[in-house]
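Read the structure below first, then the notes.
Lettering of chains follows the sequences in order, A, B, ..., and the numbering in each one begins at 1. Side-chain atoms are counted along with the backbone in the values below, which use heavy atoms only and exclude waters and symmetry mates.
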Amino acid sequence: MRHEREAHTLAGPYAMDAISAPDRVRFERHLTRCEDCAREIAGLREATARLATAAAVSPPPALKARVIAAAAATRQRPPGQEPEAARAPPWPWDLLRHHHPSRAGRTDHVRLSYGLLSPLSWGILSRWLDRALMG
Amino acid sequence: MAGRQASGANDMTAINRPGPEEDAQPGIGGDLAARLRLVARGDADAFDAVYDQVAASVFGIVRRVVRDPAQSEEVTQDVLLEVWRNAAKFDPGRGSATAWVMTLAHRRAVDRVRSVQKESERERRTAAADVPFDEVAEAVESSLERERVRRCLGSLTELQRESVTLAYYGGYTYAQVASLLGVPGGTIKTRMRDALIRLRDCLGVAS
């Protein structure tokens, strides 16, 4: 639990983005398990938002036309859809079915070894497990 | 909901009505959350209004962190486009619309400076350290709001204030702030949290 406490102390730095990328990931994992922390962060973010609005400076007027034009040419994301990277890593057996283009070489290798593992080896393994568990 | 945004008269109603939503937030005003709901449905007029409402705050904080005017414009454009693309992701149950947009803006700004940190670290170090808290916002829209933030920053201890200023306006990590101030990292982490809690209470924002 020392680890959890340590993550907790990062609330201030996290709310100000004053945190390294690995710490950010670690803290966000902590936030999913700690509702109080998530609530606290929300409150701190209301405060930091005010630091931002207090620093307001009008942008050059030409920026608006550029932003509006860019928005008109940009498709919006639907609600609820999670970005690919945020999903949980695949289970080993997903690798047998899905061929990830960016990891083509490695996947081939993995596919081959899993391919050898099943179905013969699974049989041996399960019999060994049976023996080990049943005595 | 959808009917009460986008006109000046309705803004007044929104400002006068107290509530858990950020309608009453000074500095930005208007019902940003309701406008974001319309933007999520592709409403271009609502996005136009959202731009008018948040562009100065976004540009202000981005410029504060990034410094370079051309890059600040680029990042501001990215942030507003992200607001357009991801408006459907805004969840009023998890904080105000202002906080959602400003969080996005600040994070983008920080990501930009960290990705080019190597070459510019030297000049930014001097620049950020030179910014005293009473220089917060040279050209703020609402002087009342600026005054309030300044007063609340003034109520912090010196170490708290310096930590917040260097981290939030300077874009430094807590470890960098610790090294700039010659204070252990653990101390800075604690001071940052204490400072933000005090600011939150002083500014009277919903927690």
Exercise. Chain A heavy atoms under 4.5 Å from B/Val39: which part of the residue, side chain, backbone, both or neither?
Worked result: both

For this session: Give a yes or no on whether a salt bridge exists between A/Glu46 and B/Arg200, defined as a side-chain N under 4.0 angstrom from a carboxylate O.
Result: no

Exercise. Does B/Val110 reach the side chain of B/Tyr172, with side-chain heavy atoms less than 4.5 Å apart?
Worked result: no

Exercise. Between B/Arg63 and B/Asp68, is there a side-chain N and carboxylate O pair less than 4.0 Å apart?
Worked result: no

For this session: Side chain from CB out, backbone as N, CA, C, O: work out which of these in B/Ala195 comes under 4.5 Å of a heavy atom of chain A, or both, or neither.
Result: neither

Problem set entry | Residue part contacting chain A, namely of B/Tyr51, when any heavy atom lies under 4.5 Å | side chain

Exercise. Side chain, backbone, both or neither: which part of B/Asp111 has an atom under 4.5 Å from a heavy atom of chain A?
Worked result: side chain

Problem set entry | Option in A/Pro60, A/Ala72, A/Ala15, A/Ser20 with maximal non-hydrogen atom pairs under 4.5 Å from chain B | A/Pro60

Exercise. Side chain of B/Ser96, backbone of B/Pro92: donor and acceptor closer than 3.5 Å?
Worked result: no

Exercise. So, do A/Arg50 and B/Glu145 sit near enough that their side-chain heavy atoms are less than 4.5 Å apart?
Worked result: yes

Problem set entry | Most chain B-contacting option - heavy-atom pairs closer than 4.5 Å, from A/Ala18, A/Ala70, A/Gly12 | A/Ala18

Exercise. Of the backbone (N, CA, C, O) and the side chain (C-beta and beyond), which part of B/Val101 lies under 4.5 Å from a heavy atom of chain A, both, or neither?
Worked result: neither

Exercise. Quick one: does B/Lys89's side chain get under 4.5 Å of A/Pro79's, heavy atoms only?
Worked result: no

Exercise. Can you say whether B/Arg94 sits under 4.5 Å from chain A via the side chain, the backbone, both, or neither, judging by heavy atoms?
Worked result: backbone

Exercise. Closest heavy-atom contact between B/Arg161 and B/Leu156?
Worked result: NH1-O, 3.3 Å

For this session: Mind ranking A/Ile68, A/Ile41, A/Thr48, A/Asp23 by heavy-atom pairs under 4.5 Å with chain B and telling me who comes out on top?
Result: A/Thr48

Problem set entry | salt_bridge(B/Glu162, B/Arg191) N-O dist < 4.0 Å | no

For this session: Tell me, out of B/Val62, B/Val58, B/Asp52, who's got the most heavy-atom pairs with chain A below 4.5 Å.
Result: B/Asp52

Seminar exercise, completed: Counting heavy-atom pairs under 4.5 Å with chain A, the top scorer among B/Leu81, B/Thr76, B/Leu199 is B/Leu81

Exercise. Does B/Gln160 reach the side chain of B/Leu153, with side-chain heavy atoms less than 4.5 Å apart?
Worked result: no

Problem set entry | Among the listed options B/Asp194, B/Ile188, B/Val164, the residue most often paired with chain A at heavy-atom distances under 4.5 Å | B/Val164

Exercise. Does any heavy atom of chain A fall under 4.5 Å from the side chain of B/Ala44, the backbone, both, or neither of them?
Worked result: neither

